[in-house]
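A short write-up of the structure that comes next.
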Amino acid sequence: MGAPLVSHGRTVARVESKLMLGPSEQSDDRAMIFTPQDPALTDPFLVLGEEWFSTPGFEWHPHRGIETVTTVFGGVLEHGDSAGNAGALQPGDVQWMTAGRGIIHRELAYRDEHAHIMQLWINLPADRKLTRNRYQDLIASSRPRVVLPGVGLDIVSGTVEGVTGPALNHVAVQAVMMSLEPSTTFAYKLPAEHRAFVHVVSGRVAASGRNLVTGQTAWSDPVSDTEGDSALSFVTPSGDGKTRLMIYSGTPIGEPVAFGGPFVMNHRSEIRQAFADFHAGEFGEVPRRARLAHDR
């Protein structure tokens, strides 16, 4: 695959392979791309899952203390929340939801046909765990793109190659969907203090010298002895197919993490309070909203 580029201090610390889990009550098939077994290793990211579903999908459920970033890869995703937001997202669209003080939402396949999504959970620091809820629909056709020789950068969040993506952040995150032509070499810059993951959506790539294939995820930890920007190097092999990558990076929060189903807080007492608040109706009432109308 060719000699790797100098990565300016960036190395790949570990590589994980996607774990297929099979169908569930909500989905036709599902996979875990990475898990929260040791949050310190993935901080500020918690979990990345992949779902293929038709019916029933994911009916009304709560969240608190995190941001969920949902990318649509196939079909149409119907969504709604307890604040009155509702809509449908097409392939390539991204929804960035801040579930701070508490929100109730649902994710369904439009017309019960099919939807293929990946959903990332990003942690929130203690002083923003109960921040105001927010929905951001980051439509693919409206996001900025950078085109370089052999490289396409679809910028979701942060500033890449001088171009800033549309996402508003509580934790500074740089996020792109990258496409690479065969026989391409590219140095992707990101802040040295960020932890980054590179998920191979399709194709093959060498990331700072580590060979990756579809379904694998490489992690690069912060570079403590470098100020400003660092870089991950990418080299694609010769052939006919493009390589597609999902790359997210952010500064670790460095706080304790307590999981409680759909809630992520710093301490178990806060998880108990989240459940109490939800059952007391402080997230709002579970919506009775009908499904999105469509032509039959």
Side-chain angles (χ1 to χ4, degrees), residues 23-30 46-124 128-143 156-157 166-170 173 175 260-264 274-296:
S24 69
E25 293 182 358
Q26 290 80 31
S27 57
D28 304 318
D29 204 358
R30 59 201 170 106
L46 297 166
V47 61
L48 178 59
E50 187 169 11
E51 302 279 352
W52 296 258
F53 54 94
S54 50
T55 183
F58 301 87
E59 271 292 358
W60 300 110
H61 58 282
H63 285 294
R64 171 181 277 184
I66 57 173
E67 294 189 295
T68 65
V69 181
T70 305
T71 304
V72 182
F73 286 90
V76 179
L77 178 69
E78 178 182 336
H79 67 84
D81 74 356
S82 50
N85 299 298
L89 298 174
Q90 306 283 337
D93 294 345
V94 174
Q95 183 182 87
W96 199 299
M97 184 182 78
T98 303
R101 63 187 63 170
I103 199 166
I104 305 169
H105 79 147
R106 68 181 178 187
E107 298 131 323
L108 309 171
Y110 183 61
R111 298 182 178 180
D112 289 334
E113 291 178 350
H114 75 279
H116 173 201
I117 67 170
M118 291 185 192
Q119 186 172 93
L120 172 69
W121 289 15
I122 303 175
N123 200 13
L124 287 171
R128 298 189 185 182
K129 284 287 189 187
L130 301 182
T131 193
R132 179 179 298 180
N133 303 319
R134 180 170 62 196
Y135 253 48
Q136 302 174 73
D137 284 346
L138 310 176
I139 305 304
S141 60
S142 300
R143 293 198 301 267
V156 176
S157 180
L168 303 175
N169 301 151
H170 286 288
V173 170
F263 309 133
V264 181
F275 278 103
D277 290 347
F278 171 62
H279 290 299
E282 294 191 19
F283 288 24
E285 295 296 322
V286 175
R288 301 281 188 256
R289 189 175 308 114
R291 297 288 298 272
L292 293 179
H294 57 81
D295 295 331
R296 294 188 181 274

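Residues V47 and L120 fail the side-chain proximity criterion, which asks for heavy atoms closer than 4.5 Å. Two residues are said to be in side-chain contact when any heavy atoms from C-beta on lie closer than 4.5 Å; V264 and N123 meet this criterion. The closest side-chain heavy-atom distance from T131 to R101 is not below 4.5 Å. Between V76 and E113 the shortest side-chain heavy-atom distance does not fall below 4.5 Å. Side chains of L48 and M118 form a contact here, defined as non-hydrogen atoms less than 4.5 Å apart. With a 4.5 Å cut-off on side-chain heavy atoms, S27 and W52 do not count as touching. Here the side chains of N169 and S157 are in contact, with some heavy-atom distance below 4.5 Å. Side chains of L77 and T70 form a contact here, defined as non-hydrogen atoms less than 4.5 Å apart.
Taking CG from L89 and CD1 from I139, the interatomic distance works out to 5.5 Å, rounded to the nearest 0.5 Å. The CD atom of E51 sits 6.0 Å away from atom CD1 of I117, with the distance rounded to the nearest 0.5 Å. For the atom pair L124 CG and I66 CD1, the distance stands at 8.0 Å (nearest 0.5 Å). Here OH of Y110 is found 9.0 Å from CD of Q90. Values are rounded to the nearest 0.5 Å. Expressed to the nearest 0.5 Å, how far OG1 of T68 lies from NE2 of H105 amounts to 5.5 Å. In this structure, CD on Q26 lies 10.5 Å from OG1 on T55, to the nearest 0.5 angstrom.
A donor-acceptor pair under 3.5 Å links the side-chain atoms of D81 to the main chain of G84, judged by distance alone.
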| task | Could you check I103 against M97 for side chain to side chain contact (heavy atoms under 4.5 Å, CB included), going step by step and ending with a plain yes or no? | result | CA-CA 10 Å; I103 199 166; M97 184 182 78; 3.9 Å; yes
| Residues E107, Q119; criterion side-chain hydrogen bond (donor to acceptor under 3.5 Å, both in side chains); working and verdict | CA-CA 11 Å; E107 298 131 323; Q119 186 172 93; 2.7 Å; yes
| task | Quick one: do R106 and E59 satisfy salt bridge (charged side-chain N to carboxylate O under 4.0 Å, His left out)? Show the steps, please. | result | CA-CA 5 Å; R106 68 181 178 187; E59 271 292 358; 3.5 Å; yes
| query | Given the rule in the side chain to side chain contact (heavy atoms under 4.5 Å, CB included) test, do D93 and L138 qualify, once you have shown the distances and angles that lead to the verdict? | reply | CA-CA 6 Å; D93 294 345; L138 310 176; over 6 Å; no
| message | Between L130 and R64, is the side chain to side chain contact (heavy atoms under 4.5 Å, CB included) condition met? List the steps. | response | CA-CA 8 Å; L130 301 182; R64 171 181 277 184; 3.7 Å; yes
| Full working for ring pair (Phe, Tyr, Trp, His ring centres under 6.0 Å) between H114 and H116 | CA-CA 7 Å; H114 75 279; H116 173 201; 9.0 Å; no
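Of all the heavy atoms in A140 and P91, the pair that sits closest is CB-O, 4.5 Å. Nearest heavy-atom pair across W60 and G80 is CZ3-O, 3.5 Å. The two residues W121 and H63 come nearest to each other via the heavy atoms CZ2-CE1, 3.6 Å. Nearest heavy-atom pair across F283 and A274 is CZ-O, 4.0 Å. Taking each heavy atom of K129 and G65 in turn, the nearest pair found is NZ-O, 2.9 Å. Here the closest heavy-atom approach between residue P23 and residue D28 is recorded as CB-O, 3.2 Å.
Residues meeting the salt bridge (charged side-chain N to carboxylate O under 4.0 Å, His left out) test with E282, sequence neighbours left out: none. Partners of R291 by salt bridge (charged side-chain N to carboxylate O under 4.0 Å, His left out), not counting sequence neighbours, listed by chain and number: E78, D112.
Side-chain contact check for T98 and N133: no donor-acceptor pair (N or O, by modelled atom type) lies under 3.5 Å.
Pairs of residues two or more places apart, or lying in two chains, that qualify as ring-ring contact (aromatic ring centres under 6.0 Å, His included) and include a residue from residues 77-104 are H79-Y135.
Using cut-offs of 30° and 60° on the angle between ring planes, the pair F275 and H279 is parallel.
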